[in-house]
Q: 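Have a look at this one before I ask anything.
By convention in this document, chain letters (A, B, ...) are assigned in the order of the sequence lines, proteins followed by strands, and residues within each chain are numbered from 1.
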Amino acid sequence: QSYSWDLANEYGESTIMGQADQVFIEAVQEASGGEMTITGHYGGSIGYKSVDQFDAVGDGALDMADTITTSLSGIEPLFLLSSLPFIANTNADAKLLWEVARPHYEELFDKHNQVLLWATPWPPSGIWAQEPITSAEEMKDLKIRGWDASGVRTLSNAGSTAVQISWADTVPQLAAGSINSVLTSADGGASSKFWEFLDDFTAVNYSMALNMTHMNKDIYDSLTPEQQDIIRAAAEKASDAAWEDLEKRVEQNFEEMRANGVTITTDVPADFLEFLRQSGQEVYDEWLSNVGPVGQQILDEYAEKRGS
Amino acid sequence: MESLIVAFGILALVIFFLGIGVWVFAGLLLVSTVGLVLFIDMPFHRIGTILAPLVIRSSTAWELSAIPMFIWMGEIILRTDVSTRLFKGLSPLTYYLPGRMLHTNILGSAVFAAICGSSAATTATVGKITIPELKKRGYSNALSYGSLAGAGSLGLLIPPSIMMIVYGVLAEVSISRLFAAGMIPGLMIAGIYSVYVIIYSLFRPNVAPADSHAPGFRDMITGVCNLAPIGILIGVVLGAIYSGLATPSETAAIGVAVTLIYAACTWQLSWNTFISSLTAAVHTSCMISAIMIAAAFMSTAMGFMHVPHNIARVIDGLELSPYQLIFILVLFYLLLGMFLEGISMMVMSLPITLPLILAAGFDPIWFGIFLILMAELAQITPPVGFNLFILQDLTKVSITRIIAACVPFFLLMCFGVALITVFPEIVLWLPDYLFQSGGGLP
Amino acid sequence: MLSRTVIRVSEICSGAGIAVAAALLVYMVIHIILEIILRNFFASSTNSMGEYVGYATGAMAFMAMGHTFMSRKHVRVSLLRRFLRGKIAIAVELFCIMATFAMFAFMTRYIWLILMRDYTRGSVSPSLMATPTWYIDAALFAGLVIFLIQLVASAIDTVINGVPEEQIEGE
Ligand code: NA
Ligand code: NA
């Protein structure tokens, strides 16, 4: 029996997520000898937003999807974990956090009739602005766009005027000067050519969101163990490619940004980072009360393994 | 090949459901549902779980909220002296121009396009004002319908444009550059339409009858004065956009507010006017939204049938030269455009066609404008063409007559596509000029 | 008697629906103007414009669907219908209404399933406002129910009074 599946991704094929999906699709195709084919629908071309993909896969409307988990925090608060403010400073931290939390994520997906295949990291987010932002004082001058609710609240607590507006409105508002800064990754800013308006990127490493690729459980369970192994092995391959890609991406982005006259500040004073972390405390507290004891359990295990 | 069979199958279904007289929005939903069952054997339960969240998502998109507001603005304008003055004003001013007030559709659409990001709203709004007036004055129906359907689609090409914003986000190009790139092609298309109307009227003067007597200098001055209200409205809205007070997606609200204030200040805003404009706007935008929601589902259904994927794979395998590729893509988009609405068509196909285009060495900004022209063509191609439906709603004339009236304007727009392909500078000159010199004017 | 009741009920429902839709359109304008004023003069934001105006757009479309149908403002193509008279015209009209009813009953059922799930699970939007998602499901569902009632009423009306004249010019 041969299978033809559809995989939806709200982001483009050239993004880290899209590239990882491509690795997965090709690996499955090859290992199954063409018995299992997957069609990738990138850039939201099949009509789904990330927030809808979770239930779509659970219900079997979609066979599989690659979804940014922050958008699922309204369904299951645990999915907010990877984008909590300053939870992971480095790529290694982000990976460790993912490994620690993975069993809990798997449980959630299972509860909603799906199987978690792998996670793809987003490059760390920082502050795009007209000046390097390295002190609490400078935060006060920012009219900044935060990409999710946690970001907006953290930035507001840090004294900035933070707004939540759509990505499509971000560039027009930058052009108009109604906002003068954006909290996003180097990658995000580079993709929208922020250097037409902003000259500086301060790499505060606010957070590294995760995309997760998940598959309908009924379909997965209907496969033979060999076929399931093929899927698992391909997912492993995609995951490795994604984490490897991450390092290279950030380098490439920085290079392109410098070429376009963007000053990149990676040397952020520790007391300023501590100030920002304090500003995000409220988000942590609320998250912990929403998610229940499992939240603290994950944080503790993460802290222990991280050695801090 | 299989995809072509699917495409023809869909065509047959569209002709059946729409032809028998099922309302367009319901017809498109039925076509998609039946298509999924017939062509890929999808169970009903799965179709339902695909349909419902998509309906919720596509109906609640912020990007589309401008459409009802612009339509409301048009309904208020219609109930005040703004629209009658527009005609009183243009009548003497265009007297000596062959085609006379037929140019109001083109000019009106181009100007309205400059404040409105959607072509459905542009066509509906301008048409509500011009179609009855032109009819009253005995102008040629065919030219008046055709020029409205053709020029109304300029709403997407002349900035601001919802579609450019969506394209900019998807293709990762600068939205300000896209806006600049649309300007000259937009004016060019408007110019081509006007020249066509002029030439046509020179040979058949009776398509544009004179209003009575030849206007004198004083009539001209009065004419200009009569244009003041519309000038003020458009000036304020444009001012709000270009001063940075409002983003392009917010301008519709400014437009409504300014129009309401104008109507109130000139004692033209009664409670009845307010309510009747509001009701009419809700009816029209409900009609348009319902079709858009159905079109979004149709686009998803085609995605599940892998229609765009398979066609693109065939194109990719042909190893075409750049011009051949563009020619094939024109055919591809004309085919898709028969069934889909512009933005859905773009979102669904872009991930597949953009890599082909970039590999062939085309500029992504240029391709954005090319796509918008293809979307404008899709607005006037049967069986599913938004401007066709809006015109049918406005005129109550049979759809076949409207399609016939659109044919010359369809061909003229194709000519425009050929022009920008041979001379890409038409698209790229302005953004390069504006942005290479450090962002500002030199 | 029953048929007249159905028609009366549908008139009331459709009327209520369009009243809500009109109010939502006014609300959209006010919210955006408020946002523009807050942003430009108070360096502040409602932080909910895109989200709420989007909801209002969707709710407006669905709440108005019944009344728009009753007023015969939904577009249809007039290829075949112009040539039909009498019983055949009524039969074709009833087919169109029934096909539409079937399609939308199908949609309504699945929107209901989403509504129930979002309600029992307590899902909220992943935004600052954390809006319960069942609100918007419920608005759409209500609009759909009004539309379905209107379709039944229109079918009855067609049987009793024949196909309504929609001014379509001949060639
Ligand atoms: Na426009
Ligand atoms: Na079309």
Side-chain angles (χ1 to χ4, degrees), chain B residues 15 17-27 29-30 33 44 47-49 51-53 55-56 58-62 64-65 67-69 72 240 245-246 250 252-254 256-257 275 278-279 281-287 289-291 293 383 389-390 392-393 395-401, chain C residues 18 21-22 25-26 28-33 35-36 40 49-51 53-65 67-69 71 73-82 92-93 95-96 99-100 102-104 106-107 109-114 136-137 140 166-171:
Chain B
I15 291 172
F17 279 112
L18 298 197
I20 204 167
V22 177
W23 293 268
V24 173
F25 68 108
L29 290 171
L30 284 162
T33 307
F44 275 108
I47 297 175
T49 56
L51 172 68
V55 161
I56 297 174
S58 57
S59 65
T60 56
W62 151 247
L64 301 182
S65 63
I67 296 173
M69 286 182 276
W72 188 18
L245 207 60
E250 293 164 352
I254 301 242
V256 171
I275 291 299
L278 196 52
T279 314
V282 171
H283 279 154
T284 308
S285 34
C286 171
M287 179 267 281
S289 299
I291 302 179
I293 294 162
F389 298 143
I390 291 170
Q392 159 140 39
D393 181 51
T395 61
K396 309 293 178 204
V397 165
S398 81
I399 196 92
T400 40
R401 276 180 62 188
Chain C
I18 198 169
L25 181 51
V26 175
M28 284 157 65
V29 175
I30 293 173
H31 193 148
I32 295 176
I33 298 286
E35 176 77 19
I36 292 172
N40 287 293
M49 177 179 68
E51 186 180 351
V53 172
Y55 294 157
T57 310
M60 186 191 90
F62 279 84
M63 287 309 240
M65 226 171 242
H67 197 274
T68 308
F69 192 85
S71 320
K73 297 281 182 185
H74 282 297
V75 195
R76 61 203 301 198
V77 173
S78 50
L79 278 180
L80 180 63
R81 286 180 308 121
R82 282 184 297 127
V92 168
E93 182 77 359
F95 172 80
C96 293
T100 307
M103 185 67 231
F104 277 83
F106 179 64
M107 183 195 290
R109 177 184 141 73
Y110 282 91
I111 298 252
W112 169 252
L113 292 179
I114 293 187
I136 179 67
D137 306 337
L140 265 54
E166 283 162 274
Q167 324 83 329
I168 292 161
E169 288 180 8
E171 221 60 351

Q: Quick check for you: to the nearest 0.5 Å, what is the distance between C:Met65 atom CE and B:Trp23 atom CH2?
A: 13.5 Å
Q: Less than 4.5 Å apart, any side-chain heavy atom of C:Leu25 and any of B:Met69?
A: yes
Q: Most heavy-atom pairs under 4.5 angstrom with chain C, which of B:Ser289, B:Ala253, B:Gly21?
A: B:Gly21
Q: Non-hydrogen atoms of chain B under 4.5 Å away: do they reach the side chain of C:Leu140, the backbone, both or neither?
A: side chain
Q: Among B:Thr60, B:Val256, B:Val24, single out the residue with the greatest number of heavy-atom pairs under 4.5 Å to chain C.
A: B:Thr60
Q: Counting only heavy atoms closer than 4.5 Å, note whether C:Thr100 contacts chain B via side chain, backbone, both or neither.
A: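 Both backbone and side chain of C:Thr100 come within 4.5 Å of chain B.
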Q: Taking every non-hydrogen pair under 4.5 Å, which of B:Thr284, B:Ile67, B:Val22, B:Thr279 racks up the most with chain C?
A: B:Val22
Q: Specify which of B:Ser65, B:Ser285, B:Ala26 makes the most heavy-atom pairs with chain C at under 4.5 Å.
A: B:Ser65
Q: Is there a side-chain contact between B:Ile293 and C:Phe62 (heavy atoms, below 4.5 Å)?
A: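 Yes. Closest side-chain heavy atoms under 4.5 Å.
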Q: Quick check against the 3.5 Å criterion: does B:Asp393 have a side-chain atom that pairs as donor or acceptor with the backbone of C:Val75?
A: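 Not confirmed, B:Asp393 side chain does not pair with C:Val75 backbone.
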Q: Side-chain contact, heavy-atom cut-off 4.5 Å: B:Cys286 with C:Met63?
A: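 Side-chain contact under 4.5 Å: no.
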Q: How long is the straight-line distance from NE2 of C:His31 back to CD of B:Glu250, given to the nearest 0.5 Å?
A: 10.0 Å
Q: If every non-hydrogen atom of C:Ile36 is compared with every non-hydrogen atom of B:Leu245, which pair is closest and at what distance?
A: CG2-O, 3.6 Å
Q: Can you find a pair of side-chain heavy atoms, one from C:Tyr110 and one from B:Val55, that are under 4.5 Å apart?
A: no
Q: So, taking the atom named CG in B:Leu51 and the one named CZ in C:Arg109, what distance separates them when rounded to the nearest 0.5 Å?
A: 12.5 Å
Q: Taking the six-membered ring for Trp, are C:His67 and B:His283 parallel (under 30°), tilted (30 to 60°) or perpendicular (over 60°)?
A: parallel
Q: Which is it for C:Thr57 and B:Trp62 under the side chain to side chain contact (heavy atoms under 4.5 Å, CB included) test, yes or no, and what are the steps along the way?
A: CA-CA 8 Å; C:Thr57 310; B:Trp62 151 247; over 6 Å; no
Q: For the interface with chain B, which of C:Ala56, C:Ala102, C:Gly50, C:Ala59 has the highest count of heavy-atom pairs at distances below 4.5 Å?
A: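 If we count pairs closer than 4.5 Å to chain B, C:Gly50 comes out on top.
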Q: Please classify the contact of B:Pro53 with chain C as side chain, backbone, both or neither, using a heavy-atom distance under 4.5 Å.
A: both
Q: Looking at side-chain heavy atoms only, is the closest gap between B:Ile291 and C:His74 below 4.5 Å?
A: no
Q: Would you confirm whether the ring centroid of B:Phe25 sits within less than 6.0 angstrom of the ring centroid of C:Phe69?
A: no
Q: Determine the option with the most heavy-atom pairs under 4.5 angstrom with chain C, choosing from B:Ile47, B:Leu278, B:Thr49.
A: B:Leu278
Q: Between C:Ile30, C:Ile33, C:Ile136, C:Val92, which has the largest tally of heavy atom pairs under 4.5 Å with chain B?
A: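 Result: the option with the highest number of such pairs is C:Ile33.
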